[in-house]
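Please read the structure below before turning to the comments.
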4 protein chains.
Amino acid sequence: MNEVLEERYDARFWQSRLEDLVEHYRPFSSSGRNAEYIPALGKIDSNQLGICVIGSDQTMIKAGNSDVSFTLQSISKVISFIAACLTKGISYVLDRVDVEPTGDAFNSIIRLEMHKPGKPFNPMINAGALTVSSILPGESALGKIESLHDVIEKMIGKRLEINEEVFRSEWQTAHRNRALAHYLKETGFLEADVEETLEVYLKQCSMEGSTEDIALIGMILANDGYHPFRREHVIPKDVARLTKALMLTCGMYNASGKFAAFVGIPAKSGVSGGIMCAVPASVKREQPFQHGCGIGIYGPAIDDYGNSMTGGMLLKHIAREWDLSIF
Amino acid sequence: MNEVLEERYDARFWQSRLEDLVEHYRPFSSSGRNAEYIPALGKIDSNQLGICVIGSDQTMIKAGNSDVSFTLQSISKVISFIAACLTKGISYVLDRVDVEPTGDAFNSIIRLEMHKPGKPFNPMINAGALTVSSILPGESALGKIESLHDVIEKMIGKRLEINEEVFRSEWQTAHRNRALAHYLKETGFLEADVEETLEVYLKQCSMEGSTEDIALIGMILANDGYHPFRREHVIPKDVARLTKALMLTCGMYNASGKFAAFVGIPAKSGVSGGIMCAVPASVKREQPFQHGCGIGIYGPAIDDYGNSMTGGMLLKHIAREWDLSIF
Amino acid sequence: MNEVLEERYDARFWQSRLEDLVEHYRPFSSSGRNAEYIPALGKIDSNQLGICVIGSDQTMIKAGNSDVSFTLQSISKVISFIAACLTKGISYVLDRVDVEPTGDAFNSIIRLEMHKPGKPFNPMINAGALTVSSILPGESALGKIESLHDVIEKMIGKRLEINEEVFRSEWQTAHRNRALAHYLKETGFLEADVEETLEVYLKQCSMEGSTEDIALIGMILANDGYHPFRREHVIPKDVARLTKALMLTCGMYNASGKFAAFVGIPAKSGVSGGIMCAVPASVKREQPFQHGCGIGIYGPAIDDYGNSMTGGMLLKHIAREWDLSIF
Amino acid sequence: MNEVLEERYDARFWQSRLEDLVEHYRPFSSSGRNAEYIPALGKIDSNQLGICVIGSDQTMIKAGNSDVSFTLQSISKVISFIAACLTKGISYVLDRVDVEPTGDAFNSIIRLEMHKPGKPFNPMINAGALTVSSILPGESALGKIESLHDVIEKMIGKRLEINEEVFRSEWQTAHRNRALAHYLKETGFLEADVEETLEVYLKQCSMEGSTEDIALIGMILANDGYHPFRREHVIPKDVARLTKALMLTCGMYNASGKFAAFVGIPAKSGVSGGIMCAVPASVKREQPFQHGCGIGIYGPAIDDYGNSMTGGMLLKHIAREWDLSIF
């Protein structure tokens, strides 16, 4: 457990409810399938589904395969974006990557050529995430990764291990990411070397966490960067808000619009099946979690957009039941 | 005035503050310029700037050129989308238009050819708005427009007049919209005739309202379709929420991402210089407008994206000062 | 017959050979199918295959369904291009349409938006052909069409009738062409009204000719515009050469490159199944047709690119057997 | 000199004419400029202009800076295509690269993503040329390059040296080519490793030849692969013809259509300023070179398309004066 969290009485009701929902949606895993372009992900049991919700009031509820470790994949894009903003400043970062959603696939290269001078549209697609990884502080891949560990430690009080097997698997098959990185090198947006950038990017993708870890990060973002348990600001408010806006408009690949429309929560998914959500406090909401919460979900069978199939269903269900939408 | 609104005591302070801000930002009009592709808009005094804020608590404050009538242009896309959902049902509408932001210009046609079968990406770009106008109930342009008047009347208690001069001006220069409509006719997404659809679409764009009119609509959306003065639901909650999500992800042309990131309010702009905002209640906000509000802005000088230059600046300022962001 | 042509003795041998080849390739019609987007074409017997070859030496040989009348469709683009060059001058025409092949489908609209200012890439794709039709002399559709009849009469000594049924069929389903025309109207490349241009374009597409008619035009082009029977220049040499270059690089839709590579003859096809070829004289060629020839082919079953399935096979065969390639 | 060529009497007249034309066009070098993306090319005297014409009858005429050595750059794409066809067979090669012109820039990546499965459109653009280099025989870069030397030696009787300085310069700045190669690796079209392929490709680009060398290759292609001096076939006829068709439709970057239209000769250019032409024999042509010829041109100042500015002008002039067009 990341922090000492007390399990409150009323959480038991919600935990039981979550358990029911997890078992209800788990069978739909068969409609999706594990990401195949990363060989190491193909081997994982696609029937898993787990969730962890951490409230701003220190309530934590978990259900299903909530303690499984999985690689963050694109969820790490949120962390590297925060780390870049913290170390280089928001304006430095936004000079190199825009914050516009695209409607294109996460690994699309078309827009870099179609729109001069080829500035990546946002940091949640691969082109933008590679650019962000390249501007992290540190003269080497190691140094840049350390800056990611720093920001993670600030938020969840520990480092996340890099799964070397997944990293090597991704490294060897990263042809599309190398194509994007070389393209960005030519247009001048990539500040570090291509290979150094790829090492940083693929290692951040290979960091392993649990639903609890990402729920905690989501909860801190929900609180505008304030860590309610530690009673300190770990991320500046403007960075936290900008990050949530990006998650809402660009966080769920090219289903982000549909996710905003039908779930309405700032969220970031990864092809390994994780989804990290930041649910701000709401005057409308009765209970639970009227003071906001973070949600971490894991379900490795993904849909055509790259989002967890059952994770998305579960999230849509509780967003409606608990009235979590920010709209 | 749309409704009998009492001007509260504390509103005087905020009114004065708004007047100062309007005069502060008005000179920046010279950095933008009136939309040129619609000849009738070119003649308007580009130095105007007005704002109206209507709180869920019936507070209304106005400043600057808040009473000028202007054509809704793309703001009408919100109204036609609501009207289509009310009359045909959400799922019928979303079978014909998606809800994904694109990053492309509002009048772009590329994506219709690149993505089979050419379903428009969202109802806030022209391709999607034309599709929505074509599915409105009614066997003629007149009937379809009547369905728009109905939903407007439901919300603001009156009809909005169509500016015939602007309509004729747009009708004669609508080459790009005709191109889009014919393309959509070929792919089968346009249900009505091209000319009938264009008449509906261009007439809805030519409807005239004031900042107060659009602020009231925004306020109703902020309240999930509930009209707090009349104490009745005029728009179903799910339609209102879907509409706000669309406004946030797609409402400010291809600056929607930047607007979400730096303002954080569901909003829809038009090239005539209007911006309609729906600000939900927030537990975080102290005052004013902690119970939510609608904001109407008018400033005809637009920026490169098609959004009001000074209107955007003013909105960004008060969003920060009053903590209006939904994130 | 267009002209008094003497059937030479040795032509009998080649005629017999052509008859054999026609019957050999005719059964492959079942692999293609009639153009479906023009309803009137769907009804035609797709098993037809005919050919007419007219040599510069006045030899004419025919085989199969060579006397069937069919609508020219895109073959008419060659005629309107020639007519525009004759009446407005090459440089006037090329200011409005480029001569670059695209690799895109004939009805593609993407490139008009991707490349500012949206100049059509060549007159053999619809965007370019519409532009060309719009600049023909004459203040009305009638006048413009008359200029096409003029150039046709100059070449083949008679007018080609317009098939009104096909024209009406195309007129009603011309959504994509209307989209293109309106787009070109907005960017300023279309000089005439959209509807006038469409009438000209669709009427030229609906002109009916036989394989003999188009073979004769092809033969004149093969002779650089010189009509060897009449012993007069009916098309200026520079226009004829430019036209042949365009046919070779852009004439067979987005299979033009493959056609240049494996057949090597300037040719223009239409979705009705016609192919018009201009085979220049060659020092390499033994016989027949060492002094050049025109070839007209008709086979209504088309392939995925829009070219006659059996017509293409037959042409490839005789191009190889008779060594007709210009390379 | 590649071969013992006798300078004929009448060649003196044409040589003098060429000298005049070279001096006439040389000053236009100032309208173009050396390729900048390859640093080593930037240093070269941009005022140079040279030409060599070798007739099938063993006539050779030269003018201007005809003996300067320059790197072949994209001219080498013709050689690698021929080498691949000779060693792997035409159908093997065309399974991996199409022969359609694109209208896009030589280094464009868009089409690989837009058209599934991403088969390169032709071997004259970088995506196609990289694919071709990857399928050359040999288990290493060295082996593959040796296969290029073999085919060159077959044609011109000698090896072309690799300019190591240019190679290193290109190797370090080849970001865009690396992007293309990695993209092609992901889609499966690149058969060799990315780095091995790039080494082959950039070394073939860095091979140095003179106008005489490329004129000789052009002359052999003009003769369908037959070497008239040696009286032997060095390239199969079908490969030679296919190559000439490709040169005509795709050889002059995205000005290929214009070049076909206004010059009408199969040609391939390189950004170093070379142009290689294959002029087939023609029954129309009086003199000189009625039996066909090869032309080599060198003028390092290039235009916006990447073709030699003065070289193109000179070629257009003599194509018209000597009636060299194949149309």
Side-chain angles (χ1 to χ4, degrees), chain A residues 56 90 94 98-105 108 110-111 114-115 121-125 221-224 237-238 240-250 252-266 278 280-285 290-292 305 319-320 323 325-327, chain B residues 56 90 94 98-105 108 110-111 114-115 121-125 221-224 237-238 240-250 252-266 278 280-285 290-292 305 319-320 323 325-327:
Chain A
S56 306
I90 289 175
L94 298 191
D98 205 340
V99 291
E100 285 301 323
T102 68
D104 301 325
S108 180
I110 288 181
R111 208 165 274 265
M114 274 178 69
H115 296 260
F121 263 51
N122 70 66
M124 300 293 125
I125 52 171
L221 289 172
N223 283 278
D224 284 349
K237 182 177 169 180
D238 57 353
R241 288 218 172 159
L242 173 56
T243 302
K244 281 184 281 183
L246 265 168
M247 289 165 73
L248 191 91
T249 56
C250 315
M252 300 297 285
Y253 301 120
N254 46 334
S256 298
K258 283 176 275 294
F259 207 79
F262 300 114
V263 179
I265 301 173
S282 171
V283 68
K284 300 187 204 171
R285 205 177 301 141
Q290 62 268 55
H291 301 299
Y305 297 103
R320 181 168 292 239
D323 210 0
S325 168
I326 61 172
F327 295 107
Chain B
S56 306
I90 289 175
L94 298 191
D98 205 340
V99 291
E100 285 301 323
T102 68
D104 302 326
S108 179
I110 288 181
R111 206 165 277 266
M114 274 177 69
H115 296 260
F121 262 51
N122 70 67
M124 300 293 125
I125 53 171
L221 289 172
N223 283 280
D224 284 348
K237 182 177 168 178
D238 57 352
R241 288 218 171 160
L242 173 55
T243 303
K244 281 184 282 183
L246 266 168
M247 290 165 72
L248 190 92
T249 56
C250 316
M252 300 298 284
Y253 300 121
N254 46 334
S256 298
K258 282 176 273 296
F259 207 79
F262 300 113
V263 179
I265 301 173
S282 171
V283 69
K284 300 187 208 171
R285 206 177 299 141
Q290 63 267 57
H291 301 298
Y305 296 103
R320 182 170 292 239
D323 209 0
S325 166
I326 61 172
F327 294 108

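Below, chain A is the first sequence line, B the second, and so on; all start at residue 1. Just so we're clear, the structure is a prediction, and the values are computed from it rather than from any experiment. What you see below is based on every heavy atom in this structure, not just the backbone, and it leaves out hydrogens, waters and symmetry mates.
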Problem - Salt bridge flag under 4.0 Å for residues A/Asp238 and B/Arg320 - result: no

Separation between [atom1] of [X] and [atom2] of [Y], rounded to the nearest 0.5 Å:
| X | Y | atom1 | atom2 | answer |
| --- | --- | --- | --- | --- |
| B/Asp98 | A/Asn254 | CG | CG | 9.5 Å |
| A/Ser325 | B/Asp224 | OG | CG | 8.0 Å |
| A/Arg241 | B/Phe262 | CZ | CZ | 13.5 Å |

Given that the side chain runs from C-beta out, which part of [X] has a heavy atom under 4.5 Å from chain A: side chain, backbone, both or neither?
| X | answer |
| --- | --- |
| B/Ser282 | backbone |
| B/Leu246 | neither |
| B/Pro280 | side chain |

Handout entry: Contact origin within A/Leu94 toward chain B - heavy atom pairs under 4.5 Å
Key =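 Contact with chain B is through the side chain of A/Leu94 alone.
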
Problem - Under 4.5 Å from a heavy atom of chain B, the part of A/Asn122 involved - result: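 Contact with chain B is absent: no heavy atom of A/Asn122 under 4.5 Å.
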
Practice task
Could you tell me which of A/Ala255, A/Ala240, A/Ala222 has the largest number of non-hydrogen atom pairs under 4.5 Å with chain B?
Solution key: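 Among the listed options, the one with the most contacts to chain B is A/Ala255.
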
For residues [X] and [Y], determine if any side-chain heavy atom of one lies less than 4.5 Å from a side-chain heavy atom of the other.
| X | Y | result |
| --- | --- | --- |
| B/Leu248 | A/Leu248 | yes |
| B/Met114 | A/Asp104 | no |
| B/Phe327 | A/Pro266 | yes |

Smallest separation among heavy atoms of [X] and [Y], with atom names:
| X | Y | value |
| --- | --- | --- |
| B/Lys237 | A/Asp323 | NZ-OD2, 3.7 Å |
| B/Ala245 | A/Ala261 | CB-CA, 3.6 Å |
| A/Lys258 | B/Glu100 | N-OE2, 2.8 Å |
| A/Val283 | B/Ala281 | CG1-CB, 3.4 Å |
| A/Pro101 | B/Thr249 | CG-O, 4.3 Å |

